[in-house]
Number of protein chains: 2
Amino acid sequence: MTEIDEERADALFHALADRTRRDIMRRVLAGEHSVSALAAKYDMSFAAVQKHVAVLEKAGLLTKRRNGREQLASGDVTAVRSVASMLTELEQLWRGRIARIDELIAFDTATHPDQEN
Amino acid sequence: MTEIDEERADALFHALADRTRRDIMRRVLAGEHSVSALAAKYDMSFAAVQKHVAVLEKAGLLTKRRNGREQLASGDVTAVRSVASMLTELEQLWRGRIARIDELIAFDTATHPDQEN
DNA sequence: TAAATATACAACTAATCGGTTGTACGTTGT
DNA sequence: ACAACGTACAACCGATTAGTTGTATATTTA
């Protein structure tokens, strides 16, 4: 369960850790684009862009749909949201830390009320 | 400007694209931990953990503070939030796409009111 | 002062990554 | 039928990664 989740997190963050792939995500979230239409936008080979699309697809960040001879890529916003929620989980841990510090301060001011300001 | 931002995004996503580093982040967001205290938690050498901490520090996800002979690491929640906001930006592009689709539907139902359901 | 602890860093290795070129195959248009 | 287009995939290459071991340097503590 958690093992699979961590693998998925690895794939998601790794997929987003590349400029070209983040740029592809911007385009395919805004609308469908064929792989060759995407490839035309970057100064690299078609195969290189195809690999980037494959990385994003394996991570679940986009899906492909065949239309004739072209493959139309479309961004999956729920995958983007799942990454965001992982970050929110991290933030919650930090909130817990702050809450604990606040408790300490509350205890301190209750024990030594003359130290309040 | 954007060049630096993309480099920062590369570093942030790459830093989070590793289980051990995400786990370190959970611990240091919840509270301060020395590098050796962290190292004791994982089945790898001290040097390996030290490198992971260095990657997180370079990305700005944690800061270190010297206390005697130990180095206390503390998670930086604002860096975590900056990653979350990048994802929100991506999500906005998707919202734009949906808005455009809605406009098309509105135009269509206005032009062909008999096709409504 | 000497031993133990905590860190830093260099050098090495196997694996992965991001790119290339080349080949093959189905689909479309002439 | 055939040329052009869009895609898939394998093989290769240099750079980077995640790990290791070993050594050096402060800081405690006995």
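Not measured: the values here are computed from a predicted model. Chain letters run A, B, ... following the sequence lines, proteins first, then strands; residues in each count from 1.
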From CD of B/E57 across to P of C/dC9 the rounded distance in Å is 10 Å
Without decimals, in angstroms, what is the distance between B/E70 CD and C/dA6 P? 7 Å
Treating B/R97 as the side-chain partner and A/V28 as the backbone partner, does any N or O pair qualify as donor plus acceptor under 3.5 Å? yes
Donor-acceptor check, side chain of B/N67 to backbone of B/E70, threshold 3.5 angstrom: yes or no? no
Lys/Arg N to Asp/Glu carboxylate O, A/R65 vs A/E32, below 4.0 Å: yes
Remember a base hit wins even if backbone is also touched, and classify A/R66 as base, sugar-phosphate or nothing at under 4.0 Å, heavy atoms. sugar-phosphate
Ring of A/W94, cation from B/R26 - is the NZ or CZ under 6.0 Å from the centre and inside 45° of the axis? no
Test your reading of the model: is there a side-chain donor-acceptor pair from A/S45 to the backbone of A/A48, 3.5 Å cut-off? yes
Measure from CZ on B/F13 to P on D/dT17 and round the result to the nearest Å. 17 Å
Out of D/dT7, C/dT5, C/dA8, whichever nucleotide has its closest atom nearest the side chain of B/Q50: C/dA8
Would you mind reading off the distance between A/K64 atom NZ and D/dG6 atom P, rounded to a whole angstrom? 15 Å
I need the CZ-P distance between B/R22 and D/dA18, as an integer number of Å. 12 Å
Looking at B/R22 and A/D10, does any basic side-chain N land under 4.0 Å from a carboxylate oxygen? yes
Round to a whole Å and report the spacing from CD of A/Q71 to C1' of D/dC9. 14 Å
Which protein N or O atoms sit under 3.5 Å from an N or O of nucleotides 17-20 of chain C?
from	atom 1	to	atom 2	distance (Å)
C/dG18	OP1	A/R21	NH2	3.0
C/dG18	OP2	A/R21	NH1	3.3
C/dG19	OP2	A/H52	NE2	2.1
C/dG19	N7	A/K51	NZ	3.2
C/dG19	O6	A/K51	NZ	2.1
C/dT20	OP1	A/S45	N	3.4
C/dT20	OP2	A/S45	N	2.8
C/dT20	OP2	A/S45	OG	2.7

From CZ of B/R69 over to C1' of C/dA8, roughly how many Å is that when rounded to an integer? 16 Å
